[in-house]
Asker: 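To start, I am sharing the structure in question, which I have written as structure tokens.
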Amino acid sequence: MRSLSKMLKEEKRNIEKFINEQQLTIKEGSVDQKEFEENVYYHFPNNLYMRVLDKGTTKPKAGKTHVVVRYKGHFFSNKRLASFDNLSVGDYQNTEFLYVEAYERGALHYRLLPSSPGNNLNKLMCEGVAFPLSLLGDGAKISLIVPFLIGPEVAYNAGMTVFYEEVRFQFYIP
């Protein structure tokens with residue numbers, strides 16, 4: 001079993017390698033950022049990397065806005081691992097969550113909503129996917145590099161990073 005400090009060091013190396021291989025442009029981001037340059041990944045204090053494809057429109061209302069999220073991407077450590085896609089593959093249900101602004105052992109911006117029985121990718125929903133909505137709005141499209149500390153539980157347990165090639169948000173208020 002690897003220690004957390006060893007896993008964090010390995011992840012840092014793996015993310016740097018991924019950034020170099022993909023020739024990504026990185027700039028520091030802030031939690032109150034409003035403008036985003038095209039083709040730039042912003043690195044936030046929670047270690048999330050986010051590229052904004054579309055900022056969207058209306059910002060979510062905490063405790064009221066329900067969000068449908070669809071995504072595609074893959075896990076990686078020192079190499080590419082399992083892929084996922086409910087963005088272009090119709091075999092999976094939407095993932096839905098309630099946007100919140102809470103603090104539970106760290107910032108929390110979502111509460112997963114129950115879904116109907118069937119295939120879904122709900123297990124990939126995490127703080128790393130929800131946090132961007134504190135900066136963006138309805139219809140936002142983004143790309144993310146999510147470190148395991150704010151990633152899905154399955155990634156955390158294995159010390160894997162998740163690259164969300166594209167994430168799309170759609171709001172509704174029931």
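We're numbering straight along the sequence, starting at 1.
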Asker: Quick one: which of Asn157, Leu8, Val154 gives a side chain to side chain contact (heavy atoms under 4.5 Å, CB included) with Phe148?
Answerer: Leu8

Asker: Starting at CG of Leu113, measure out to CZ of Arg111 and round the result to the nearest 0.5 Å.
Answerer: 10.5 Å

Asker: So do the side chains of Leu135 and Val52 get within less than 4.5 Å of each other, counting heavy atoms only?
Answerer: no

Asker: Quick one: pull up CG in Leu124 and OH in Tyr71 and give me the separation to the nearest 0.5 Å.
Answerer: 5.0 Å

Asker: If you apply the rule side chain to side chain contact (heavy atoms under 4.5 Å, CB included), what do you find for Lys141 with Val167, and how did you get there?
Answerer: CA-CA 6 Å; Lys141 296 177 188 173; Val167 179; over 6 Å; no

Asker: Partners of Lys55 by salt bridge (Lys or Arg N to Asp or Glu O under 4.0 Å), sequence neighbours excluded?
Answerer: Glu35

Asker: Between Phe76 and Phe163, does the ring centre distance come in under 6.0 Å?
Answerer: no

Asker: Hey, is the main chain of His109 close enough, under 3.5 Å, to the side chain of Glu127 for a donor-acceptor pair?
Answerer: yes

Asker: Taking side chain as C-beta onward, heavy atoms only, is Glu101 less than 4.5 Å from Tyr99?
Answerer: yes

Asker: Answer yes or no: is there a side-chain heavy-atom contact under 4.5 Å between Phe18 and Ile145?
Answerer: yes

Asker: Keeping the roles fixed (side chain from Arg70, backbone from Asn86), state whether a donor-acceptor pair exists under 3.5 Å.
Answerer: yes

Asker: Taking side chain as C-beta onward, heavy atoms only, is Ile150 less than 4.5 Å from Asn47?
Answerer: no

Asker: CD1/Ile26 to CD1/Ile15 distance, rounded to the nearest 0.5 angstrom?
Answerer: 9.5 Å

Asker: Taking the six-membered ring for Trp, are the ring centroids of Tyr164 and Phe84 within less than 6.0 Å of each other?
Answerer: yes

Asker: Rounded to the nearest 0.5 Å, how far apart are CE of Met50 and OH of Tyr41?
Answerer: 11.0 Å

Asker: Any side-chain to backbone donor/acceptor pair from Gln33 onto Ser30? Under 3.5 Å, distance only.
Answerer: yes

Asker: Do Glu11 and Leu149 pass the side chain to side chain contact (heavy atoms under 4.5 Å, CB included) test, and can you show the C-alpha distance, the side-chain angles, and the key distance before you say yes or no?
Answerer: CA-CA 10 Å; Glu11 180 177 60; Leu149 285 178; 5.6 Å; no

Asker: Rounded at 0.5 Å granularity, tell me how far CE in Met7 sits from CG in Asn14.
Answerer: 11.5 Å

Asker: Nearest 0.5 Å please: distance from the CD atom of Glu166 over to the CD1 atom of Ile142.
Answerer: 9.5 Å

Asker: So do Phe171 and Leu133 actually touch side chain to side chain, heavy atoms under 4.5 Å?
Answerer: yes

